[in-house]
Amino acid sequence: PYTWLKWSVSRWGSIYYVLLLWLGIFFGIRLLLKYGFILIKKLRHHRISLYEINILLDRRVHSIIFITVSIFAAIFGFINIGIIHNTEYDINVAKECDVDSLDIIFIADTHFGAGGWGSVYDTLEKEINDANPDVVILGGDIFDETTCDEDIERFREVIDSIDPPLGVYYIYGNHDNCDKDSSNNKSGNNDENNSGTDAATQKLSDMDTGKVMRSMGINVLEDEMAVLDGNIQLVGRLDPVDGQADLNNLMNKVDMNPNK
């Protein structure tokens, strides 16, 4: 019942955070320039004129300029979070492979909740289906601390609407909750997949992100490797804060055959 309140607090809190961040940067630069200017004057044995002192100490003008710029930056960010930006890359791999090409969609750091508008889900669904990818990779922080049940359910609908032939894969980000006890116990994945909406709409604070993703039929890689279409090897790592496995040990599992 308090979803709207949580959304409002998190959204306006984000704007407030951006304002404080920009103001801190501007006033920090102001202090550096002020004392740097005074130091240079002293080193050159020049006196600081009254006009220069007035400019250096005119906090009102500086504050008005800094606050105005910060407000515009916050407004721009407020609007920009509802816009999906697509960047296309063509990557050529100098290896022989049975697969001539592979279309991959990589999505990361959407921060659904305070980090997006409701219309983003429809746009994301359309963009993915129009691209018709072979595989979708979710690079972490799809959700964060501001994500509510409705956001999780809307994202589940997006996942249900797409059907990449090689599947959907997920790795953790620094905002994701990784419960290693539940992550290591994957024998219950089938039950999770059958639980549908009930599991998908539980709060992230009540269960780890990987469990939520698995309930949507998404493959979660936790310092693991997956082989796609018998040729493409995909390695997914845990976030460093969750205690990554040794990279050398992980890479020992990778088949270094030049055809893979």
Side-chain angles (χ1 to χ4, degrees), residues 89 91 93-99 101-112 124 128 131 133-145 147 152 155-156 158-160 162-196 199-200 202-260:
Y89 298 93
I91 301 175
V93 181
K95 291 184 178 182
E96 295 182 1
C97 184
D98 295 336
V99 179
S101 64
L102 194 69
D103 292 327
I104 301 173
I105 284 186
F106 181 84
I107 305 169
D109 293 290
T110 52
H111 293 273
F112 289 133
L124 182 63
I128 295 175
D134 297 304
V135 61
V136 174
I137 300 176
L138 306 175
D141 290 344
I142 300 300
F143 306 135
D144 65 16
E145 297 82 0
T147 302
I152 298 175
F155 183 71
R156 184 189 68 81
V158 173
I159 295 300
D160 287 345
I162 64 175
D163 188 26
L166 302 183
V168 182
Y169 290 84
Y170 185 82
I171 59 173
Y172 290 91
N174 64 304
H175 285 270
D176 291 323
N177 178 26
C178 176
D179 184 347
K180 288 189 176 181
D181 292 336
S182 64
S183 298
N184 292 331
N185 182 18
K186 300 179 182 178
S187 59
N189 281 357
N190 291 332
D191 294 336
E192 293 170 8
N193 289 335
N194 292 331
S195 61
Q202 291 189 41
K203 293 180 181 179
L204 294 181
S205 59
D206 298 334
M207 65 190 303
D208 78 287
T209 310
K211 198 169 184 179
V212 174
M213 293 298 176
R214 291 190 185 95
S215 73
M216 302 180 190
I218 297 172
N219 303 288
V220 181
L221 298 179
E222 301 168 346
D223 283 332
E224 299 170 293
M225 181 192 71
V227 180
L228 311 181
D229 201 28
N231 291 276
I232 310 299
Q233 297 175 102
L234 181 65
V235 176
R237 305 220 63 193
L238 280 171
D239 190 78
V241 299
D242 296 320
Q244 289 180 332
D246 181 74
L247 180 59
N248 292 326
N249 292 336
L250 184 60
M251 293 305 295
N252 286 335
K253 302 177 183 179
V254 177
D255 187 352
M256 295 300 179
N257 186 321
N259 292 328
K260 290 189 176 182

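Computed from a predicted structure; not experimentally measured.
- Expressed to the nearest 0.5 Å, how far OG1 of T209 lies from CD1 of I218 amounts to 11.0 Å.
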Which is it for I128 and I107 under the side-chain contact (heavy atoms from CB on, under 4.5 Å) test, yes or no, and what are the steps along the way?
-> CA-CA 10 Å; I128 295 175; I107 305 169; 3.8 Å; yes
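- In this structure, the side-chain contact (heavy atoms from CB on, under 4.5 Å) partners of A131, at least two apart in sequence or on a different chain, are I105, P133.
- Evaluation of the salt bridge (charged side-chain N to carboxylate O under 4.0 Å, His left out) rule for D109 yields no partner, not counting sequence neighbours.
- Rounding to the nearest 0.5 Å gives a distance of 9.5 Å between CD of Q233 and CG of L228.
- In this structure a side-chain-to-backbone donor-acceptor pair under 3.5 Å is present from D134 to D103.
- In this structure D223 satisfies the salt bridge (charged side-chain N to carboxylate O under 4.0 Å, His left out) test together with R237, sequence neighbours excluded.
- By the side-chain contact (heavy atoms from CB on, under 4.5 Å) test, I104 is found to be paired with L102, V135, I137, residues two or more places apart in sequence or in another chain being considered.
- Taken to the nearest 0.5 Å, the NE2 atom of H111 stands 4.0 Å off from the CG atom of D141.
- Nearest approach of Y169 to A226, heavy atoms of both residues: CE2-CB, 3.7 Å.
- Residues satisfying the ring-ring contact (aromatic ring centres under 6.0 Å, His included) test with F155, not counting sequence neighbours, are F112, F143.
- Residues passing the side chain to side chain donor-acceptor pair (under 3.5 Å) test with Y170, sequence neighbours excluded: D176.
- Taking CD1 of I159 as the start and CG of L138 as the end, the distance is 5.5 Å to the nearest 0.5 Å.
- Proximity of M213 to I142: side-chain heavy atoms (C-beta onward) are separated by under 4.5 Å at one or more points.
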